[in-house]
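Atoms within each ligand, like the ligands themselves, are counted from 1 in listed order. Please read all numbers here as calculations on a predicted model, not as lab measurements. In what follows, every heavy atom counts, from backbone to side chain, and hydrogens, waters and symmetry copies are set aside.
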Amino acid sequence: MPLPSRFKHCPHCGSAVDYRVPADDNRERAICAACDSIHYQNPLNVVGTLPVWEKDGRVLLCRRAIEPRHGLWTLPAGFMELGETTAQGALRETHEEAGADIEMGSLYTLLNVVRVGQIHLFYLARLRSPDFKPGPESLEARLFSESEIPWDEIAFKTTRETLRCFFEDRRAGRGFGLREFDIP
Ligand code: ZN
């Protein structure tokens, strides 16, 4: 995946931008030749949950109805919106993608995906009900035991890594402390 696309046109006035280092800065920025505004681009946060049905230990995955990775499985997650906290965003995404009723737990994984300019944050969550109502971004939402996880059909490395840690910690019976990774 390439880095997020760089501005070609000024978001303010629509003129072409140049990339150069502004005075008092140390890296190239998009600078509008017409209105002189400088446009900064920074990493985006992706927030999600790892919802568990504690009665039998199964975890919730959603099958994507949208590109990229249409038809593959993922934990419910998406881009954080302005005006919400990371936990609120993760809860919202879980409602939107799975229609799942959850109780939020602690932050579990923090994954730097430098190549695409993203930071992914996953919270543990407890399902209050095993009934789901997948939204338009999901083909289906269902529970999986560890042995049922479709490892070859997981959409994203950050989902795979979060699930791998979860089952590893659970088998070891050592609790779920925060895990931090850089995805190469
Ligand atoms: Zn401009």
If every non-hydrogen atom of Phe79 is compared with every non-hydrogen atom of Glu93, which pair is closest and at what distance?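 Scanning both residues completely, I find the closest heavy atoms to be O-OE2, 3.7 Å.
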Tell me the closest heavy-atom pair linking Cys62 and Glu97, and the distance in Å.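 The pair with the smallest heavy-atom distance is SG-O, 4.0 Å.
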Under 4.5 Å side-chain heavy-atom separation, chaining through any Ile, Leu, Val, Met, Phe, Trp or Tyr, what else clusters with Leu121? Say none if it is isolated.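 Reading the cluster by chain and number, Leu121 sits alongside Val47, Trp53, Leu60, Met80, Leu91, Ile102, Met104, Leu107, Leu110, Ile119, Tyr123, Leu127, Phe132, Leu143, Leu178.
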Please output the side-chain donor-acceptor pairs of residues 147-156 that fall under 3.5 Å, not counting sequence neighbours, one pair per line with the distance.
unit_1 : atom_1 : unit_2 : atom_2 : d
Ser147 : OG     : Ser145 : OG     : 3.3
Glu148 : OE1    : Ser145 : N      : 2.8
Glu148 : OE1    : Ser145 : OG     : 3.3

Sort by chain and number the protein N/O/S atoms that are closer than 2.8 Å to the Zn ion (ligand 1), and list them.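 Within the sphere that stays under 2.8 Å of the Zn ion (ligand 1), the protein atoms of type N, O or S are Cys10 SG, Cys13 SG, Cys32 SG, Cys35 SG.
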Would you mind writing out the side-chain donor-acceptor pairs for residues 20-33 within the sub-3.5 Å range, not counting sequence neighbours?
unit_1 : atom_1 : unit_2 : atom_2 : d
Asp25  : OD2    : Arg29  : NE     : 2.8

For Phe167, is the NZ or CZ atom of Arg171 found under 6.0 angstrom from the centre of its six-membered ring and inside 45 degrees of the ring axis?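 No, Arg171 does not sit over the ring of Phe167.
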